[in-house]
Amino acid sequence: MSNYYRKKIHSNNLIATFDDVLILPGFTNFSPNEVDISTNLGKYHLKLPILSSAMDTVTEENMAINMALRGGLGVLHRNCSYERQLEMVRIVKRARSFVIDDVATISPNSKVSKAKFMMENYNISGIVVVDEAKKVCGIFTKRDIPFFEKDLQNGTIKDYMTKDVISIKPGASREEALKILYESRKEKLPIIGDDGLLKGLITKKDLAPEFPFASKDDEGHLLCAMALSPRFPESSQAQASLKEIDKYVDIFFIDVADFYKKDDIDGTMKLMRLLESDFVLGNIGTYQAAEYLISKCDFVEERFIGLKVGMGSGSICTTSIQTGVGAPTLYATAQVADAIQDYNQEMSLIADGGFTKPGDLPKAFSSGADIIMSGHFFAGTDESPGFIDTIAGRKVKIYRGMGSKDARVSGYIADRYIEGSKMLTEGVSDYVPYVGDVTGVLATLKEGLTNGMIYAGAGSIKEMKKASLGIVSIVGQRETSPHDLIGKF
Ligand code: XMP
């Protein structure tokens, strides 16, 4: 039985976590620009090993899109109806792909004023003109809008549109599209099938590699992840809703405080057979739980791609206070990393919650994590749901645990905790400072991780797993923080 990661932070039943340990410096034989922080989550390659939590004050479509554009992933929360869940996954999947599926169209007999109205309201610069049979007969762009008001009011699209449409066939590559756009000096390229029907639109703007690190699927759409209850829905209507959501999701994250439970495991096995996406299971906190899930359960093996770990250490969690049970994130990471080493080295490990400083990230990776997840870092950003408030002159946003009273009144996530438990909240609701946009937050985290890896002598996440950790004494903790100064920290 492997004891490699546990030995790094764990002795005589000591449950150690971030502030208890430090990484020992290692020999660095590479230059800073050679550090590679990319990682794998099953078959998906992420340029940034960071996820935002599936919480209703952290990840809705805006956060999910922005995390994926920057190389990470935002896991959409599930504290809402299936209709709203479907809306969110659709928006994420359709965002920023270089092919637009929902193309705005207009009839050749419409008035020019209608096209102008559409352009202003949809914030677009061109509309494809299609006849009654939906065949493409032209394109009308901002440049075609007539100058004189009388023409604008009375003019008909067919008299002003560009009839000679430069188009591309369905399935064409990004490179082919770029070449045609460049050679024709056009901004928009309708995709037209052999039947003459409109199949989509490619725009120059969407092709520009503004986000070269984006997490994408094979078709160039952003990756989409969503939280999922482990309970198998008995009604056929609910099953149909889940199957519809499944079409837009790449990875479902089973979303419960403690997944090491027979009912949840049985439900998840059935869900894996109903749905087609990949699954990350969690949360768990011990070697035994990981060993059981990997080696003794009948999950669909090729779609069981990761384990999410940590229990009770989230900044808004009260599970450990309320129940006396917990597995702080670093401890849980080392526990599960050893089981992964022993039973399935392809499995990805996500260390979830408890991160408060950039320096906590390298510690998680050297304890065996492949990816980290945080709500705390992202709740105060522009991209999280909710408004910016001001308290005593400071800008703040609300951040609440999914086990808090406020979050649980919706009724959608009662099964995240112990079902039937009505009185015991397992989370709190509070304010966190407003911290600007997610780009700035990720830049700081990225630097903390990269620089930590350089000091540790690790050029990749895989190498980082070999770094040595040691428990720091209380005096050592004091000494490795600012000390003996006049100011107050
Ligand atoms: P951070 O430290 O980033 O942790 O705030 C976020 C993680 O905490 C989990 N979570 C909860 N755990 N009670 C809990 O015990 C809660 O109310 C709660 N809400 C979220 C979750 O795993 C999240 O990613």
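We number each residue from 1, following the sequence as shown. Counting starts at 1 for both ligands and their atoms, following the listed order. The structure displayed is predicted, hence computed values, not measured ones.
- Crowding of Q288 atom CD: a count of heavy atoms from other residues, nucleotides or ligands under 6.0 Å exceeding 12.
- Between Y399 and Y431, a ring centre-to-centre spacing not shorter than 6.0 Å is recorded.
- Scanning for ring pair (Phe, Tyr, Trp, His ring centres under 6.0 Å) contacts around Y4 gives an empty result, with sequence neighbours left out.
- Listed by first then second residue, pairs satisfying side chain to side chain donor-acceptor pair (under 3.5 Å) with a partner in residues 437-447 read R70-T439, not counting sequence neighbours.
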Donor-acceptor contacts, no H, no angles, side chain residues 22-31, under 3.5 Å, sequence neighbours left out:
residue, atom, partner, partner atom, Å
T28, OG1, I454, O, 2.6
S31, OG, N33, OD1, 3.0
S31, OG, E34, OE1, 3.3

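- Here the side chains of T318 and T323 are not in contact, with every heavy-atom distance at 4.5 Å or above.
- Around ligand 1, the residues contributing at least one heavy atom under 4.0 Å from the ligand are S53, M55, N283, G314, S315, I316, C317, T319, D352, G353, G354, M373, S374, G375, H376, Y399, G401, M402, G403, S404, R416, Y417, E426, G427.
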